[in-house]
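Notes for the one structure printed next.
Since the structure is predicted, the reported quantities are computational estimates derived from the model, not experimental observations.
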Amino acid sequence: MEKKVFKAESQRLLDLMINSIYTHKEIFLREIISNASDAIDKLHFVSLTDEKAREAMADKPSINIYIDKDARTIKVEDDGIGMSEEELEENLGTIAKSGSLSFKQELDEKEKTEIIGQFGVGFYSAFMVSDDVTVITKRYDSDKAYKWNSDGIDGYTIEPCEREKTGTEIIMHLKEDGEDEKYSEYLEEYRLKSLIKKYSDYIRHPIIMDVTTSENTAAEGEEPKWETVKSRETINSMVPIWQRAKSEVSDEDCSAYYKESFGGFKDPRATIRVSAEGVVSYKAMLFIPGELPYNYYSREYKRGLQLYSNGVLIMDKCEQLLPEYFGFVKGVVDSPDLSLNISREILQHDRQLSIIAKNIEKKIKNELKKMLENDLEKYEGLWKDFGRHIKYGVVSDYGMHKDAVSDLLVYYSSNDEKLTTLEQYVSRMPESQKFIYYACGESIAKITSLPQIELCREKGYEILYFTEDIDEFVAQSLVTYKEKQFKSIAAEDAQLQSEEEKKEIEKKQEDNQSFLDFVKESLGGKIAKAVISDKLKSHAVCLSTEGPISIEMEKYFAQMPGTPESAMKSSRVLELNPEHPVFESMKSSFDLGDKDKAAKYAEILYNQALLIAGLPIEDATAYCDLVCSLM
């Protein structure tokens with residue numbers, strides 16, 4: 001028998017097909033099963049107009065798998081369309097020649113088929129694990145059967161053979177085990193079952209193989225007698241839950257699927273069903289998790305949705321389908337319209353994928369907004385788990401996505417210290433209020449004890465409580481919300497005073513300017529300036545900042561490893577309350593010429609301002625000695 005060489009011209013191309021296209025060798029079974037499924041689908045389609053095809057159709061077409069450990073073979077057999085000698089030559093003799101693609105191209109544009117194969121290389125994945133592959137096939141409209149055989153090195157043979165029924169069987173002889181590869185694992189029943197469940201669970205045709213079980217063969221009343229029994233069983237579930245009509249799937253079914261497939265312990269907070277038709281057709285089932293995954297904030301956590309094409313798993317975690325700020329969402333997307341690359345493992349960045357991703361983002365946002373409006377208690381739980389991640393959506397990519405998530409932000413505020421949205425905050429603003437005011441601190445308790453809070457509350461202005469280090473970065477990225485600018489109550493230009501009050505403070509600033517310059521000078525460059533405060537009521541002192549870097553930002557950058565001590569320092573402003581007795585005592589010492597005492601007062605007040613702001617005192621011992629010296 002004459003051996004024919006592959007028409008793709010070179011061994012190098014075949015070697016590329018076998019060793020370079022696919023990331024994981026286990027993918028071979030998915031490819032062979034997908035080809036078998038396509039063969040059945042082709043026969044079904046042809047049978048609509050061809051009497052012989054109708055006669056050849058099995059009552060229940062299936063894909064059968066057989067393992068022979070002694071012979072080291074895996075056989076995959078289908079009840080599909082089969083191939084003639086010419087088709088064997090054309091499809092298997094020419095590398096990267098796809099029979100499925102040719103079949104699709106012969107159809108009219110209106111005739112849609114859900115056939116997966118496009119590139120003609122899936123079959124050759126068998127050589128990743130096999131040193132010899134045999135194909136026995138019989139076309140539905142022929143009495144002749146043919147056998148194709150190759151060792152995957154440089155050529156193949158085709159010869160007539162016997163096969164009773166229509167269809168194809170592929171027999172793969174596995175390679176011997178090596179130091180790095182254990183090919184024998186694919187002869188294990190449990191391993192093939194797991195691969196079928198992983199990649200081909202939703203193939204529409206039953207995938208059947210031998211399953212070993214233990215059965216009690218003893219008669220009733222006798223001692224149990226367990227025997228190992230093999231039986232042919234369907235491994236795949238065939239119809240995925242997301243392909244079923246909503247009326248056929250209960251909330252309990254969805255929750256059970258979520259827990260089984262994505263490792264959740266609690267029911268999902270929400271389930272999103274999508275069935276889209278149009279430019280791109282796809283179905284999706286998305287889940288808002290009921291709890292924070294244990295590894296969510298670790299490097300091991302990978303975001304992404306499972307991606308299927310006609311029931312075949314293409315990617316386990318497709319990152320392109322989820323924006324990072326919704327990375328906690330789990331689920332699946334199944335579309336027949338995807339442009340896959342040659343290995344089906346990585347998607348080409350194309351228009352279809354972008355359209356699906358944008359639609360999914362809108363669906364998730366709408367579901368979260370609905371939860372926020374209708375079930376605040378549930379949203380509070382979600383916010384506790386994933387709020388920080390949603391906030392990162394505002395600051396990431398230079399604020400490109402801030403409009404997409406700003407309506408989802410919630411904060412505790414001085415309005416009964418309850419969670420509020422930015423929209424609710426703005427709706428409650430009095431007419432005289434110019435800004436959205438916020439205050440930063442490690443906790444609500446610490447924020448409410450800040451000196452600057454007092455006047456803001458007296459004015460009737462609501463304050464947002466920022467208790468996470470990212471919160472102020474979020475405010476600066478947003479800049480405004482509903483045309484209202486964000487403003488920290490600790491900023492020098494907080495503008496809490498009326499025009500009349502402002503003029504009075506400016507007058508006091510002017511009258512005390514020489515004293516204030518002395519305070520700045522006595523502190524030796526620790527502050528940018530000392531000013532008469534426009535925000536203190538009963539307290540003596542506080543720190544504010546001028547410029548873009550706030551005190552909270554300074555703290556954040558100071559915690560980052562490798563940050564130089566001099567980097568990212570705020571420009572500190574010491575604010576003094578002229579109505580406080582301490583100010584009068586310090587000013588009196590200055591006016592009487594006791595500048596040494598006045599300087600000590602200034603140092604004490606500056607250190608107190610640091611403590612109030614949550615900043616460390618440079619020398620605690622010196623501070624205590626200084627206080628004692630004035631007592």
Between [X] and [Y]: side-chain donor-acceptor atoms closer than 3.5 Å:
| X | Y | result |
| --- | --- | --- |
| Asp41 | His205 | yes |
| Asp385 | Tyr296 | no |
| Tyr199 | Glu26 | yes |
| Glu189 | Thr212 | yes |
| Ser184 | Arg72 | yes |
| Glu89 | Tyr156 | yes |
| Asn35 | Ser37 | no |
| Ser200 | Asn236 | no |
| Thr134 | Asn149 | yes |

Sidechain N-carboxylate O distance under 4.0 Å for [X], [Y]:
| X | Y | answer |
| --- | --- | --- |
| Arg163 | Glu169 | yes |
| Arg54 | Glu51 | yes |
| Glu87 | Arg139 | yes |
| Lys52 | Asp50 | no |
| Lys144 | Glu85 | no |

Which atoms form the tightest heavy-atom contact between [X] and [Y], and what is the distance?
| X | Y | result |
| --- | --- | --- |
| Lys259 | Lys266 | CE-C, 3.7 Å |
| Gly178 | Lys182 | O-NZ, 3.5 Å |
| Ile208 | Thr234 | CG1-OG1, 3.8 Å |
| Ile33 | Ile63 | O-CD1, 3.9 Å |
| Met238 | Pro206 | SD-N, 3.3 Å |
| Ala245 | Arg273 | C-NH2, 4.4 Å |

Next on the checklist: Under the criterion side chain to side chain contact (heavy atoms under 4.5 Å, CB included), I'd like the reasoning laid out for Val280 against Ser335: C-alpha separation, chi angles, the key distance, then a yes or no.
Outcome noted: CA-CA 8 Å; Val280 181; Ser335 173; 4.1 Å; yes
Decide yes or no for [X] and [Y]: does some side-chain heavy atom of the first lie under 4.5 Å from some side-chain heavy atom of the second?
| X | Y | value |
| --- | --- | --- |
| Lys165 | Tyr140 | no |
| Ser214 | Val229 | no |
| His173 | Asp131 | yes |
| Met128 | Ile27 | yes |
| Met209 | Leu192 | yes |
| Lys175 | Glu181 | no |
| Leu368 | Ile288 | yes |

Tell me whether [X] contacts the main-chain N or O of [Y] through its side chain, where contact means a donor paired with an acceptor under 3.5 Å.
| X | Y | answer |
| --- | --- | --- |
| Asn366 | Lys362 | yes |
| Tyr301 | Gly327 | yes |
| Arg269 | Tyr379 | no |
| His44 | Pro61 | no |
| Asp68 | Ala71 | yes |
| Asp177 | Tyr183 | yes |
| Ser255 | Glu252 | no |
| Ser250 | Asp253 | yes |
| Tyr124 | Leu92 | yes |
| Thr157 | Ser150 | no |

Quick one: [atom1] on [X] to [atom2] on [Y], what's the gap to the nearest 0.5 Å?
| X | Y | atom1 | atom2 | result |
| --- | --- | --- | --- | --- |
| Cys318 | Gln306 | SG | CD | 11.0 Å |
| Ile360 | Leu305 | CD1 | CG | 5.5 Å |
| Met285 | Arg244 | CE | CZ | 8.5 Å |
| Thr271 | Tyr258 | OG1 | OH | 9.5 Å |
| Thr73 | Leu187 | OG1 | CG | 7.5 Å |
| Asp38 | Asp78 | CG | CG | 10.0 Å |

Next on the checklist: Please verify the inter-ring angle class for Phe326 with Phe328; under 30° counts as parallel, over 60° as perpendicular, anything in between as tilted.
Outcome noted: perpendicular
Item to check | Trace of the side chain to side chain contact (heavy atoms under 4.5 Å, CB included) decision for Tyr146 with Glu159 | outcome: CA-CA 6 Å; Tyr146 294 92; Glu159 61 180 316; over 6 Å; no
Please check if atom [atom1] in [X] has more than 12 non-hydrogen atoms from other residues, nucleotides or ligands closer than 6.0 Å.
| X | atom1 | value |
| --- | --- | --- |
| Glu185 | CD | yes |
| Lys197 | NZ | yes |
| Tyr294 | OH | no |

Item to check | Residues Ser62, Asn64; criterion side-chain hydrogen bond (donor to acceptor under 3.5 Å, both in side chains); working and verdict | outcome: CA-CA 6 Å; Ser62 61; Asn64 278 272; 3.1 Å; yes
Checklist entry - What's the verdict on side-chain hydrogen bond (donor to acceptor under 3.5 Å, both in side chains) for Thr166 and Lys138, showing C-alpha distance, side-chain angles and the deciding distance? => result CA-CA 5 Å; Thr166 296; Lys138 182 181 178 182; 5.7 Å; no
Item to check | Residues Val274, Asn359; criterion side chain to side chain contact (heavy atoms under 4.5 Å, CB included); working and verdict | outcome: CA-CA 9 Å; Val274 185; Asn359 288 345; over 6 Å; no
Is it true that [X] and [Y] have ring centroids separated by less than 6.0 Å?
| X | Y | value |
| --- | --- | --- |
| Phe28 | Tyr186 | yes |
| Trp148 | Phe123 | yes |
| Tyr325 | His401 | yes |

Checklist entry - Distance under 6.0 Å and angle within 45° of the ring axis: does Lys330 meet both against Phe262? => result no
Next on the checklist: For a side chain to side chain contact (heavy atoms under 4.5 Å, CB included) check, start with the C-alpha distance between Ile65 and Ile196, then their side-chain angles and the critical distance, and finish with the verdict.
Outcome noted: CA-CA 11 Å; Ile65 298 176; Ile196 292 168; 3.7 Å; yes
